[in-house]
Amino acid sequence: MIELERIEMAAWADFYRAATNESVAACGIRVAEVAGGVATSAAAADVLALNRVVGLGVERPATPDDLDAIVDLFREAGARRFFVQPQPEAPAELKGWLEARGFRHHNNWVKLSRGSQPPRASNSEVRVEPIDRNRAAEFGAIAGAAFDWPEQVRAWVGDPVGRDGWHHYMAFVDNIAAATGAMHVSGSGAWFDFAATRPEYRGRGAQSALLERRIADAISLGVERFVVETAEQTAQRDAPSYRNTLSFGFEPAYLMPNYMYELEG
C-alpha cells in the first residue's frame, strides 16, 4: 500500500512543480511536504481535487500537530476548502483527530493497481498517439472542460506535456482529438490520470484505447506497478472509469476516504 501511495505522491507533486510561472500566478499553486505526505494547493481554483494532501503519514506517522499545521498551510495559501486523504496504514486515531478539528467525511475514491501483465485488446477503431508541446494547450482544454475546471486550470493541465517522466496521449476519431490520457513514470511505477473525453465522443472506446496504449508503453519502459484513482462505484453514483479500469486488469487496492475542511472567509 505504501508503494502505491509513493507512486502517486511522486506524480502529483511533479504535476504542481511542472506549472509555468503563469499558471502558478493564475491558480495560486503551492506544493509542500507535510506530515509524511505532500500538500498541494491551487487556491485560486476552488476544486477539491486540486487542493488536497496526498500520502498523509506515508513517510512517518501523522500526529494531531500535523493536522493543525496542514490547516494553517491551506489557510495561508488562501484556499477555501481542501481534502485530507488518510492512507490505510494511518494511525487508528486519525479519524477522531480529523473530526475533532472540523473535518468531515465527504466521499470516497478508490485506488486501483495492476502488475505488468500485457493489456487486453481494446478492440477500438480509435487511433491513439503520443503528443508533444504542439498539442499541450489542446490537451489541457479537453481534459479541463471534461472535469469542468476553470479556464486558468486548463492551461496548467497542459504544462507537463514534454516534461521528463510524463507521457501524454490523445485519442482521435475521424482525425478529431476526442479524448486524453496521461501517465507519469517514476522508476518501476506508473501513475495514470487526466482521462477525459469530449461529450460527443463518449461511448466510442476512446478511454479503452488510451488504457491499452499506456499500459503497453509503460511495460516497454520497465514499469512493474500501475496506479490509478477513480470515483467509488455506488448504488447512487455510476463510475464508468472504475469499471473500465477493472476490465484492463486493475484491481481495487483500497478505499481512499476524503475528509474535507472548509476555511472561513
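If you read the sequence from its start, that first residue is 1, and numbering goes on from there.
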Heavy atoms from other residues, nucleotides or ligands near [atom1] of [X] exceed 12 (cutoff 6.0 Å):
| X | atom1 | answer |
| --- | --- | --- |
| D72 | CG | yes |
| R60 | CZ | yes |
| E200 | CD | yes |
| D164 | CG | no |
| E251 | CD | no |

Which residue is it: R154, M170, R133? I am looking for the one with a side-chain contact (heavy atoms from CB on, under 4.5 Å) to F139.
M170

V223 and V228: same hydrophobic cluster, using ILVMFWY side-chain contacts below 4.5 Å?
yes

Side-chain heavy atoms nearer than 4.5 Å, only ILVMFWY residues, links allowed to pass through others: does that put W109 and L255 together?
no

Between V38 and V53, does a side-chain contact (heavy atoms from CB on, under 4.5 Å) hold up when you go through it step by step?
CA-CA 6 Å; V38 177; V53 178; over 6 Å; no

Aromatic centroids of [Y] and [X] separated by under 6.0 Å:
| X | Y | result |
| --- | --- | --- |
| F15 | F194 | yes |
| Y16 | W156 | yes |
| H184 | W166 | yes |
| Y259 | H106 | no |

Which word best sums up how the rings of F82 and F74 line up, parallel for under 30°, tilted for 30 to 60°, or perpendicular for over 60°?
parallel

Could you check whether R52 makes a cation-pi contact with W12, meaning its NZ or CZ is under 6.0 Å from the centre of the six-membered ring and within 45° of the ring axis?
yes

R213 NZ/CZ over Y169 ring centroid, <6.0 Å and within 45° of normal:
no

Which pairs with one or both residues in residues 111-123 pass salt bridge (Lys or Arg N to Asp or Glu O under 4.0 Å), sequence neighbours excluded?
E5-K111, E8-K111, K111-E229

Looking at side-chain heavy atoms only, is the closest gap between [X] and [Y] below 4.5 Å?
| X | Y | answer |
| --- | --- | --- |
| I2 | Q87 | yes |
| F103 | M260 | no |
| E232 | N107 | no |

Evaluate T40 against R30 for side chain to side chain donor-acceptor pair (under 3.5 Å), listing each step before the verdict.
CA-CA 6 Å; T40 55; R30 296 190 185 188; over 6 Å; no

Can a salt bridge be assigned to the pair E138 and R135 using a cut-off of 4.0 Å between side-chain N and carboxylate O?
yes

Ionic contact status for R127 with E129, cut-off 4.0 Å
yes

One should read off an interatomic distance between E93 CD and T63 OG1, to the nearest 0.5 angstrom, of 11.5 Å

As a quick check of understanding, evaluate side-chain contact (heavy atoms from CB on, under 4.5 Å) for R80 and L263, giving each step before the final call.
CA-CA 5 Å; R80 289 180 54 194; L263 292 136; 6.0 Å; no

Sequence neighbours excluded, which residues qualify as side-chain hydrogen bond (donor to acceptor under 3.5 Å, both in side chains) partners of D193?
none

Can D238 and R243 be said to form a side-chain contact (heavy atoms from CB on, under 4.5 Å), step by step?
CA-CA 9 Å; D238 189 33; R243 298 196 309 275; 2.3 Å; yes

Given side chain to side chain donor-acceptor pair (under 3.5 Å), test Q85 with N258 step by step and report yes or no.
CA-CA 5 Å; Q85 297 177 297; N258 293 315; 2.8 Å; yes

For a side-chain contact (heavy atoms from CB on, under 4.5 Å) check, start with the C-alpha distance between H167 and V185, then their side-chain angles and the critical distance, and finish with the verdict.
CA-CA 8 Å; H167 305 262; V185 176; 4.0 Å; yes

